[in-house]
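Shown next, in structure tokens, is the structure this report addresses.
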Amino acid sequence: QVQLVESGGGLVQAGGSLRLSCAASGRTFSLYAMGWFRQAPGKEREFVARITWSGGRTLYVDSVKGRFTISRDNAKNPVYLQMNSLKPEDTAVYFCAASDTYSGGTSTYQYAYWGQGTQVTVSS
């Protein structure tokens, strides 16, 4: 089992920045990738970014490329999501996720472990 705890959400004006953190504990040696997803009210949960656990390779959804950066430190934990130039459409609950099966996943079913979510609100 892997446990994930997110932090760092909040309220920010458009154009501002926030950094989310996700701390993993438990069987982290079994992980292939960690990712961030988000879910806005009335919408499905969508992929935002992911980083492979061993090689640190990253992937982003087009709408956040150039604005968001997923990273981890040398100890691989925690994983961060630096969000710059935030827009009102970035408003959502952001979830950290971990996969012990897939390294390139962008779908929710490919991630077995989930955090509780952290609210990000961007005002216009």
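These numbers come from a predicted model, not from an experiment. Numbers here are sequence positions counted from 1.
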Checklist entry - Looking at Y111 and M34, what are the two nearest heavy atoms and their distance? => result CE2-C, 4.2 Å
Name the atoms and distances for all side-chain donor-acceptor pairs under 3.5 Å in residues 83-101, with sequence neighbours left out.
unit_1, atom_1, unit_2, atom_2, d
N84, OD1, S17, OG, 2.9
N84, OD1, Q82, NE2, 2.9
D90, OD1, R38, NH1, 2.9
D90, OD1, R67, NH2, 3.1
D90, OD2, R67, NH1, 2.8
D90, OD2, R67, NH2, 3.4
D90, OD2, K87, N, 2.8
T91, OG1, P88, O, 2.9
T91, OG1, V122, N, 2.9
T91, OG1, V122, O, 3.4
Y94, OH, R38, NH1, 2.9
Y94, OH, D90, O, 2.6
S99, OG, T101, N, 3.2
S99, OG, Y102, N, 2.9
S99, OG, Y102, O, 3.2
S99, OG, Q110, O, 2.8
D100, OD2, Y113, OH, 3.0

Next on the checklist: Does Y80 have more than 12 heavy atoms from other residues, nucleotides or ligands lying within 6.0 Å of its OH?
Outcome noted: yes
Checklist outcome for this item: Residue pairs passing the salt bridge (Lys or Arg N to Asp or Glu O under 4.0 Å) test with at least one member in residues 47-63, sequence neighbours excluded, are D62-K65
Checklist entry - Can you tell me how far OG1 of T106 sits from CD of E46, rounded to the nearest 0.5 angstrom? => result 11.5 Å
Item to check | Expected output: side-chain T121 to main-chain L11 donor-acceptor under 3.5 Å | outcome: no
Item to check | Set of side chain to side chain donor-acceptor pair (under 3.5 Å) partners for Q116, sequence neighbours left out | outcome: E6
Checklist entry - Any side-chain heavy atom of T52 sitting closer than 4.5 Å to one from Y32? => result no
Checklist entry - Rounded to the nearest 0.5 Å, what separation is found between the OG atom of S103 and the CG atom of L31? => result 12.0 Å
Checklist entry - Which pair of non-hydrogen atoms, one from W53 and one from V79, has the smallest distance, and what is that distance? => result CZ3-CG2, 4.3 Å
Please set out all donor-acceptor pairs under 3.5 angstrom arising from side-chain atoms of residues 21-29, sequence neighbours excluded.
unit_1, atom_1, unit_2, atom_2, d
S25, OG, Q3, OE1, 3.4

Item to check | L81 side chain near T69 side chain, heavy-atom distance below 4.5 Å | outcome: no
Item to check | Contacts of type ring pair (Phe, Tyr, Trp, His ring centres under 6.0 Å), residue F47, not counting sequence neighbours | outcome: F37
Checklist outcome for this item: Sequence neighbours excluded, the answer for side chain to side chain donor-acceptor pair (under 3.5 Å) partners of S107 is none
Checklist entry - Are W36 and W114 connected, step by step, through hydrophobic side chains (Ile, Leu, Val, Met, Phe, Trp, Tyr) whose heavy atoms are closer than 4.5 Å? => result yes
